Amino acid sequence: MDKNTLLGMLLMGAVIFGFMWLNKPSEEELARQREIAEQQEAARLEAAQAAQAAQVLTLDSVSAAERATIASTIRRFGTADSLTGAYTLDAREAHLTLSPEGAIGGTVDTDFGPVAAADIIAARYDGIPQQTAAAAVSNLKQSMAAVARYQGFARYLKGKESTVTLSNPDVTLEISTKGGAISKAWLNNYKSYDSTALTLMDPATDGYSFMLTTATQRLDTREFYFTPVAEGDSAVTMMLDLGDGARWGLRYTLPAKGYTARMEIVQERMQQIIPPSVASIDFNWHQKMRRDEAGRVFEERNSALYYMFANGDVENLSEGSTERKEVNERVKWIAYKNQFFTSLIVPDSYFTTAIVDSEKLDDNPDYIKEMDTQATLEYSSAQPSPAGFTFFFGPNLYPLLSDLQNDINPGQNLHLTNLIPLGWALFRWINTLIIIPVFTFLGGFISNYGIIILLLTLFIKIILFPFTYKSFMSQAKMRVLAPEIKEINDKWPGQENAMKRQQESMALYSRAGANPMSGCLPMLLQLPILVAMFNFFPSAIELRGEPFLWAKDLSAPDAIVSWTSNIPFISSTFGNHISLFCLLMTVVNIIYTHINMQSQPGGNSMPGMKWMMYLMPVMFLFFFNNYAAGLSCYYFLFLLITILQTYLFRKFVDEEKVRATMRENAKKPRKKGFWATKLEEAQKQQQAMLREQQRRGGGGKRR
C-alpha cells in the first residue's frame, strides 16, 4: 500500500466519522425512542398474555370424556357415605364430590383461592378471572392425573400434617402423619454443647421412607398423609386405608425405658395392589448430622456411617472425607454415629444390598456430615407383617451397647460396641478388659470424674509398678557400671576395635548381672496401656459435660486463652486456643525428661540427642492441645506420679548397695543363657571374618 492510498483512506474515515457525529440524535430524541420501544414491548407482552390466557381457556376446558373419567375416578377411589350414597375424593388441589345422580361438586384450589369444580367442568367462567380459571383447570387435570398414577394412594396426597408423641424417661419420639415416619427424636437426659435439646432426628433435615412397587408405579411413602391409630401411650400405627379392605401402615412401639423403638410394617390384602411377584422393598434414610460438641475437630474425627455385614464384620465410611460405597452383601445394621451418640436401625432379617454415602460439611458451622442410605430388603405383599425393625437413638456408652444386642437380637453378636473407637485389637482388649470395667466401677461410687481419672491413674501405676521398678534398677546398675564402661572405651578406641569393646562390655555386664535391655522392656510393656488410654478418653461419653477444677467439660479442650484467627500450618491440630491441662502436661513432661536424662549413664555426652529429647514434649503440646481435657489430665497425672516414683526410688535405693551386690554377683560362676551363648558365637564368627579380611588385605600389600 503506497503513501497516497493510505492518506486517502484516512481522509475517508475522517469524513465518515464527522458525518456520524454531526447527525447523531440528541439526548431528548434518544429518550423518546426508548420510551416508544418500551411502550411497544409492553403492548406486545400484554397481547401475548391475553392470547395465551384465551388459548388456555379454549384448549384446557374439560371435555365430556374427561368429565366422565372424573366421575368414575371419584366413584372408584373416593370414600362413599353409607347414608347419602355420595362419594368424596381429596387429591392434591382437588376436593371433589359425586352425588348419587352423578353431579360433580366440590372445589379446586389455586393460588388465587378455591374455584367451584362444577363451574370449571361446565366451562362457566363468568365472574372468574382468566388467570384463576386457567389455574383451576390445570390443577384439576393434574390432580386427576395423580389419582390415575397413585390410584388408592391418591386420597392421601393431600392432608394436614400432625404428630403423635411417644416418650419414656430416656427418649422422646415425634411420629408425623406426613410419611408415617419418626420426624423427631431427642434424648431427655442429654443436652447439646449450646444447652439446646440433643436431637438425633429433626424434621427439617432428616427423614426416611419406603418405596412401594405396584403393577405400574413406584411410590414413596413420604408423599402420603397417614392416619394415626393410637394403641395406648406406648404404641401407634400410621395407616393408609386403600379401599376394598387393603391397608398398609407402620406400627411403632416405645418401651417403658431405654433408647430403642420398634417399627413394623403391617398390611392387609395388599396383594390386590402390590403383585406377589414383587419380592423386595426399598428403604431410604437421610440425615444431616448436627454438631453437638464444643470440640468440633474431634467430633468430626469420630463421626461416620457404620454398617455390619451378615458375617459380623463392621466397617465404616471415611471420617475425614466424602465417600460413597455400594455394598452388594447382606447388611445387618446401619448406623449414623457421631462422637458420643448414634442413630441406628437394625432389621429383623437383613438388608440384602445397600448404597451408603457420607459427605463431610467443612464450611457449615451447625452440621458436620450429611449421610444417605438406599437399602433393599425382602418383602411379600401376602404377609401381615413382612418386615420389622429396631431403632436405637442413644449414647455410645460401652455397657449399654454391650447389653443392647441381647435385647435386639438374642443369640447373635451384633458387635455394636465397635461403634466406640477403642483402637486396634491389642489396645481394644486393654480398654474392654481393664480400663472400662474399672472406670465404670468407680463411676458407680464417685460422681467427680476428675477424681476418677486420678484413681484410675493410680490403679494403672500400681499395675505397672513392678515393671517401673525393674526399669529403675536396671538404670541404676548401668549408672554404677558407667565408669568401667568408660575405661573399656578408652582402652579400645577406634572403629577397628569396635568388636573388642563390645565383647569387653558384654563380659562386664555378664559378670555384674546387668542387662542393658532390661530397662527398655518394662517401658515397652507400658506403651500399650498409654496408647489404649489415648483411644479411650476421646470416646468416653462419661466425661461429656463433666467439670473438674477449671475444665468445664473433660471431653473437650479446657481452653484458658482463645482467639479467632488461624495460625498457618498448625491450626488444624493446635486449634485456636491454649489448653491448660495440656500446657501443664508439657511442663511436667519436660521436667520428667530432664530427670530421666540425668538418670541415664552417659546421658550428658550426647548433646544432639539431648535437645531432641527436650523437643518431644513441646511437639506433644501442639499435638494434644486440641484433645479432650480428660486425656491431657490423665497424662499430666501419670507423669507427675512417675516423677514422684523416681524421686522415691532414688531416695530408698542405695547405689552403693547395688554396686556391692554386683561385685558379689561377679564372684559367682554364671551359667550362660541361650541368647548370651548365641550372641557370643555370633561375635566370634564376626571377629574371625574380620581377622580373615585383615589377613587378606595385608597379604595383598606384601605382593
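Please read all numbers here as calculations on a predicted model, not as lab measurements.
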Worksheet item: Would the F226 and F210 ring centres measure less than 6.0 Å apart?
Response: no
Discussion item. Once side-chain hydrogen bond (donor to acceptor under 3.5 Å, both in side chains) is applied, do any residues pair with T390, and if so which ones, sequence neighbours excluded?
Written reply: R262
Discussion item. Looking only at side-chain N and O atoms, does N535 offer a donor or acceptor that is under 3.5 Å from a partner on N431?
Written reply: no
Worksheet item: Are the side chain of E546 and the backbone N or O of S555 linked by a donor-acceptor pair below 3.5 Å?
Response: no
Response to the item:
Across all chains, not counting sequence neighbours, the salt bridge (Lys or Arg N to Asp or Glu O under 4.0 Å) partners of D202 are none
Practice prompt. Using only heavy-atom distances, determine whether the side chains of E370 and H286 contain a donor-acceptor pair under 3.5 Å.
Written response: yes
Item to complete: Decide whether K184 and T172 meet the rule of one side-chain donor and one side-chain acceptor closer than 3.5 Å.
Response: no
Worksheet item: Between V164 and M238, is any pair of side-chain heavy atoms under 4.5 Å apart?
Response: yes
Worksheet item: How long is the span from the CD atom in Q339 to the OG atom in S539, to the nearest 0.5 Å?
Response: 7.0 Å
Discussion item. Is the terminal nitrogen or CZ of K160 (NZ for Lys, CZ for Arg) located under 6.0 angstrom from the six-membered ring centre of Y225 and within 45° of that ring's axis?
Written reply: no
Discussion item. If you define the side chain from C-beta out and look only at heavy atoms, does anything of F391 sit under 4.5 Å from L254?
Written reply: no
Worksheet item: Is there a side chain to side chain contact (heavy atoms under 4.5 Å, CB included) between L400 and Y259 once you walk through the steps?
Response: CA-CA 10 Å; L400 173 65; Y259 300 94; 3.8 Å; yes
Practice prompt. Show the numbers, then the answer: is there a ring pair (Phe, Tyr, Trp, His ring centres under 6.0 Å) between Y627 and F581?
Written response: CA-CA 10 Å; Y627 275 67; F581 268 127; over 10 Å; no
Worksheet entry | Electrostatic pair R251-E264, nearest N-O below 4.0 angstrom | yes
Discussion item. Test: ring-ring contact (aromatic ring centres under 6.0 Å, His included). Region: residues 308-341. Which pairs qualify, not counting sequence neighbours?
Written reply: Y190-F341, W285-Y336, Y307-F309
Worksheet item: Between Y634 and F536, is the gap from one ring center to the other below 6.0 Å?
Response: no
Worksheet, complete the sentence: Only residue of E300, R296, R301 satisfying side chain to side chain contact (heavy atoms under 4.5 Å, CB included) with F298 is R301
Worksheet item: With ring centroids as reference points, do F534 and F427 lie under 6.0 angstrom apart?
Response: no
Discussion item. Please evaluate residues L240 and F224 with respect to the criterion side chain to side chain contact (heavy atoms under 4.5 Å, CB included), reporting the C-alpha separation (whole Å), side-chain torsions for both, the decisive distance (0.1 Å), and the verdict.
Written reply: CA-CA 8 Å; L240 298 175; F224 306 121; 4.2 Å; yes
